[in-house]
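To start, the structure under review is shown below, and the notes come after it.
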Amino acid sequence: MTPKRKQKLFVILGLVSLAAIAVGLTLYALRSNINLFFSPIEIAAGDAPYERQIRAGGMVREGTVSRNPDSLDVEFTVTDYVEDLRVSYSGILPDLFREGQGVVVVGQLQQNGLFRADQVLARHDENYMPPEVADALEAAGYSPADFQTKAAKVAKRVEEREESEGASQY
């Protein structure tokens, strides 16, 4: 091999190794920014990592929302009607948040099983189910249509209760 060919070979090998290092460092940096979606079924099964940013979703279980009157702290239960996940959040909830509605929460699962949410995302009606929730239910062997029917019944009961409470105030 001539010296000119050796030089070209070393330059090519150097560029390839630099590109591999750059790709490796990029993937390592992005690894901590990925937040995967887990349903309450998967969290109860132990599939979700602890103290790492993840997303979880389901329906807000009726009668579980408790607000601290002295602060913005709220605790509620997210359910897929098979398993429940207790969520703690401190902040202003979205206007569409209420019992019987679907939510996706972003935060960290603690060792004691409590989910500390940094962000709560609410959806607009009981007929919509986030794709991640539907996929997780199907993967666990449950039909999302059954849960949508159950969610519609819960939402109707909540609306009736709110209407009766509103009428009793006047």
Side-chain angles (χ1 to χ4, degrees), residues 24-162 165:
L25 288 174
T26 302
L27 291 176
Y28 181 76
L30 291 177
R31 180 180 64 124
S32 63
N33 291 334
I34 295 174
N35 55 353
L36 302 172
F37 179 85
F38 293 93
S39 69
I41 293 172
E42 295 170 320
I43 292 172
D47 296 340
Y50 291 107
E51 298 178 8
R52 189 161 172 229
Q53 188 88 355
I54 62 171
R55 291 181 302 142
M59 310 300 275
V60 178
R61 184 172 287 284
E62 190 176 359
T64 63
V65 177
S66 66
R67 300 171 193 263
N68 184 340
D70 299 329
S71 68
L72 294 176
D73 295 343
V74 179
E75 284 195 8
F76 56 94
T77 299
V78 173
T79 184
D80 53 13
Y81 299 110
V82 177
E83 294 290 341
D84 291 342
L85 174 65
R86 194 77 184 140
V87 177
S88 171
Y89 177 68
S90 181
I92 298 173
L93 289 168
D95 292 337
L96 298 175
F97 178 88
R98 65 179 187 177
E99 296 174 355
Q101 293 291 320
V103 295
V104 174
V105 291
V106 180
Q108 296 180 352
L109 182 63
Q110 303 298 309
Q111 292 289 339
N112 61 3
L114 181 70
F115 190 91
R116 291 215 183 273
D118 300 323
Q119 188 176 20
V120 176
L121 308 169
R123 63 180 174 77
H124 63 282
D125 69 5
E126 69 276 354
N127 297 321
Y128 172 76
M129 182 175 286
E132 298 97 340
V133 175
D135 294 342
L137 289 172
E138 286 178 5
Y142 301 101
S143 169
D146 296 337
F147 297 104
Q148 288 174 333
T149 303
K150 188 177 273 193
K153 290 178 185 175
V154 169
K156 186 175 181 181
R157 278 199 316 264
V158 169
E159 284 178 20
E160 289 171 356
R161 188 178 71 214
E162 288 175 353
E165 289 174 358

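Considering all non-hydrogen atoms of both residues, Ile43 and Ala48 come closest at CG1-CB, 3.8 Å. Across all their heavy atoms, Glu99 and Val65 have their closest contact at CG-CG2, 3.7 Å. Closest approach of Val120 to Pro94, counting heavy atoms only: O-CG, 3.2 Å. Minimum heavy-atom separation, Tyr50 to Gln111: CB-NE2, 3.5 Å.
Qualifying side chain to side chain contact (heavy atoms under 4.5 Å, CB included) partners for Asp73, counting only residues two or more places apart in sequence or in other chains: Asn68, Ser71, Ser90. Glu83 is linked by a side chain to side chain contact (heavy atoms under 4.5 Å, CB included) to Pro40, Ile41, Ala44, Asp80, counting only residues two or more places apart in sequence or in another chain.
Contact of the Val105 side chain with the Phe76 side chain is registered, since non-hydrogen atoms from C-beta on lie closer than 4.5 Å. Counting heavy atoms from C-beta outward, Leu93 and Arg67 have side chains that approach closer than 4.5 Å. For the pair Val78/Phe115, no side-chain contact is recorded, criterion being any heavy-atom separation below 4.5 Å from C-beta on. Within the 4.5 Å cutoff, side-chain heavy atoms of Leu85 are placed close to those of Leu109. With a 4.5 Å cut-off on side-chain heavy atoms, Gln110 and Glu51 count as touching.
Between the CD1 atom in Ile54 and the CG atom in Leu36 there is a gap of 8.5 Å [rounded to 0.5 Å].
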Any chance you could lay out the side-chain contact (heavy atoms from CB on, under 4.5 Å) test for Val106 and Gln53, step after step, and finish with the verdict? CA-CA 7 Å; Val106 180; Gln53 188 88 355; 3.0 Å; yes
Could you go through the side-chain contact (heavy atoms from CB on, under 4.5 Å) check for Leu114 and Arg86 one step at a time? CA-CA 5 Å; Leu114 181 70; Arg86 194 77 184 140; 3.7 Å; yes
